[in-house]
2 protein chains.
Amino acid sequence: MKELHKFAESEEMYLKTIAEISGHGNLVPVTSIAERLSISTVSASEMVHRLQDRGLLEHTPYKGVRLTDDGLNRAEGILRRHRLWECFLTEHLGLPWKQVHDFACQLEHVSEDALTDALDKHLGSPSFCPHGNPIPPAQGVLEIRETTPLSDLDVGQEGVVLCIREEDGEILDYLDARAVRPGRRVRIEEIAPYDGPRSVLMDGEKQVLGREVAEHILIELVHDDETE
Amino acid sequence: MKELHKFAESEEMYLKTIAEISGHGNLVPVTSIAERLSISTVSASEMVHRLQDRGLLEHTPYKGVRLTDDGLNRAEGILRRHRLWECFLTEHLGLPWKQVHDFACQLEHVSEDALTDALDKHLGSPSFCPHGNPIPPAQGVLEIRETTPLSDLDVGQEGVVLCIREEDGEILDYLDARAVRPGRRVRIEEIAPYDGPRSVLMDGEKQVLGREVAEHILIELVHDDETE
DNA sequence: AGTTAATATAAGGGCATCCTAACTGATGGA
DNA sequence: TCCATCAGTTAGGATGCCCTTATATTAACT
């Protein structure tokens with residue numbers, strides 16, 4: 001009931017997007033920001049300047065963009081809220097993955113600290129969202145896990161699904177329906193020619209996953225001691 | 001993660017505000033909308049025209065504004081979401097009234113039907129928000145209760161608190177601290193001169209409430225058969 | 001080294017929402 | 001009945017975020 005304005009919304013989308021694209025500290029080309037947000041490069045460029053003026057990122061022309069500490073903080077705050085809401089929507093409201101992600105995308109811009117913290121407590125301070133992504137702590141740094149895209153595994157290699165990269169609601173819907181979840185054990189059975197679809201064994205169940213999809217499934221490699 | 005735009009936010013604030021000011025079907029002067037939203041009358045006037053063009057309300061110059069059926073529907077949807085979130089924030093997150101109200105004011109703009117309905121189910125389809133205001137059903141009409149502001153009661157009259165008018169976070173904070181809640185029984189003990197502060201007995205406990213505050217406490221009169 | 005492709009900037013707009021200042025028209029009480 | 005006051009409109013701007021088109025600059029490959 002207070003201010004009608006919404007400074008933050010757009011800004012937050014940029015910060016979040018940049019944080020998501022840049023794995024950790026990588027330079028993010030302005031073009032890829034524009035692409036992910038479905039806006040023109042001109043607009044993205046403009047906004048990058050604005051964000052730079054506000055000290056949230058640094059832009060190296062022709063190279064890309066990197067979040068400052070401030071910007072990274074903000075971005076992690078957004079990811080934290082997003083993922084906490086995802087936990088809530090999944091566990092308590094029982095919504096399907098796609099809706100969970102879409103709704104969380106809106107809720108993430110709304111939550112002040114007091115709300116976020118109360119939600120966190122209510123959920124029992126979870127460490128991971130339903131898609132397996134780590135939830136940044138209220139303060140402190142997000143620790144980094146070593147992950148490999150499923151698409152990088154060779155025939156015979158095995159691993160455990162750690163998380164799904166969740167930039168895109170469509171893919172979540174698809175994987176939700178196929179019961180691809182964090183914690184499941186996968187083994188590549190076959191890769192079709194031309195880097196094509198993977199036949200995988202997931203907890204004993206056979207599945208076929210296209211390469212594009214496989215890129216979004218992040219794996220912790222399991223050393224297959226007998227074979228190696 | 002989809003569209004960056006926010007058509008609805010501002011529009012929704014107007015609709016909600018109009019619905020709140022107009023008890024039921026009363027004409028709402030444009031000035032009072034402007035006042036409540038802390039914007040200039042020019043801006044409010046402008047927006048009223050826009051909303052009229054979209055068929056959400058009708059403006060009678062020099063008289064005021066009335067929501068159309070469409071507009072009322074939209075407004076009730078917003079109130080529904082607001083009050084459902086209030087239930088959640090109170091019962092599950094245990095937040096104090098003021099925060100509950102403020103956060104709900106933001107969350108109300110974010111909830112699509114699927115989310116609202118899931119939330120409703122999760123909460124057990126409550127009929128009233130924590131402040132005692134009725135929650136409009138998903139479809140159908142909100143039934144009207146007969147209420148009297150506490151400020152209208154005379155010395156000796158008794159009633160039960162039905163709800164708190166919740167336009168303003170400050171008042172909620174104040175009443176929260178004084179344990180003024182729906183369901184409590186009140187009796188006016190004394191009214192200070194010049195329509196001043198009321199001394200009331202609330203479930204046996206003595207309280208003093210200013211007239212302004214008393215106007216926001218809505219009462220169901222109890223016929224005191226012995227005295228009357 | 002030179003051309004091409006990627007990237008950045010400039011120029012000119014659009015839309016929604018807000019503002020102030022100045023003006024006009026309606027209402028209602030003395 | 002008339003005038004003060006309240007309500008509404010017009011004009012002229014501002015901001016944030018988006019657009020297209022055109023041009024400049026840099027990077028990268030042959």
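Within the 4.0 Å cut-off from OP1 or OP2 of dG8(D), not a single side-chain nitrogen or oxygen of Ser45(B) is found. Contact annotation: His59(A) reaches the phosphate of dA8(C) (side-chain N/O to OP1 or OP2, under 4.0 Å). For Ser43(A) and dC17(D), the shortest distance from a side-chain N or O to OP1 or OP2 is not below 4.0 Å. The side chain of His49(A) places an N or O atom within less than 4.0 Å of a non-bridging phosphate oxygen (OP1 or OP2) of dT9(C). Of the side-chain N and O atoms in Arg50(A), one or more sit less than 4.0 angstrom from OP1 or OP2 of dC17(D). For Ser10(A) and dC18(D), the shortest distance from a side-chain N or O to OP1 or OP2 is below 4.0 Å.
Under a 3.5 Å cut-off, the side chain of Arg165(A) and the backbone N or O of His216(A) do not form any donor-acceptor pair.
The CG atom of Leu221(B) lies 9.5 Å from the OG1 atom of Thr147(B); values are rounded to the nearest 0.5 Å.
Regarding Met47(A), its CE atom lies at a distance of 18 Å from the C1' atom of dT9(C), rounded to whole Å. The CG-P distance, from Asp53(A) to dG16(D), rounds to 11 Å in whole Å. Distance CD (Glu9(B)) to P (dT17(C)): 11 Å, rounded to an integer number of Å. Between Leu51(A) atom CG and dC18(D) atom P the separation is 10 Å, expressed in whole Å. For Glu12(A) and dC17(D), the CD to P distance is 12 Å, given to the nearest whole Å. Between the C1' atom of dG8(D) and the CD atom of Gln52(B) lies a distance of 13 Å, rounded to the nearest Å. Glu46(A) has its CD atom 9 Å from the P atom of dC19(D), to the nearest Å. In this structure, the CD atom of Glu35(A) is 14 Å from the C1' atom of dT7(C), given to the nearest Å.
In the set dC18(C), dA8(C), dT17(C), the nucleotide with an atom closest to the side chain of Tyr14(B) is dC18(C). Between dA8(C), dC18(D), dA16(C), one nucleotide has an atom nearer to the side chain of Val30(A) than all others, and that is dA8(C).
For Trp85(A), the ring-ring contact (aromatic ring centres under 6.0 Å, His included) partners are Phe88(A), Trp85(B), not counting sequence neighbours.
A tilted orientation is assigned to the rings of His122(B) and His92(B), their planes being inclined by 30° to 60°.
Between Phe128(B) and Cys163(B), the closest side-chain pair of non-hydrogen atoms is not below 4.5 Å.
Nearer to the 5' terminus of DNA chain D, by closest-nucleotide assignment, is the contact made by Thr60(B) (compared with the other of Ser40(A) and Thr60(B)).
Residue Thr31(B) is classed as a sugar-phosphate contact, given heavy-atom separations below 4.0 Å to backbone atoms only. Nucleic acid contact class of Val42(A) (heavy atoms, under 4.0 Å, all strands): base.
Counting heavy atoms of neighbouring residues, nucleotides and ligands inside a 6.0 Å radius, atom CD of Glu215(B) exceeds 12 of them.
In this structure, Arg80(B) pairs ionically with Asp117(B), as a charged nitrogen and a carboxylate oxygen lie closer than 4.0 Å.
Side-chain N/O atoms of Gln52(B) and His59(B) include no donor and acceptor closer than 3.5 Å.
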Quick one: which protein N/O atoms are closer than 3.5 Å to N/O atoms of nucleotides 23-30 of chain D? Pair and distance per line, please.
unit_1, atom_1, unit_2, atom_2, d
dT25(D), O2, Tyr62(A), OH, 3.0

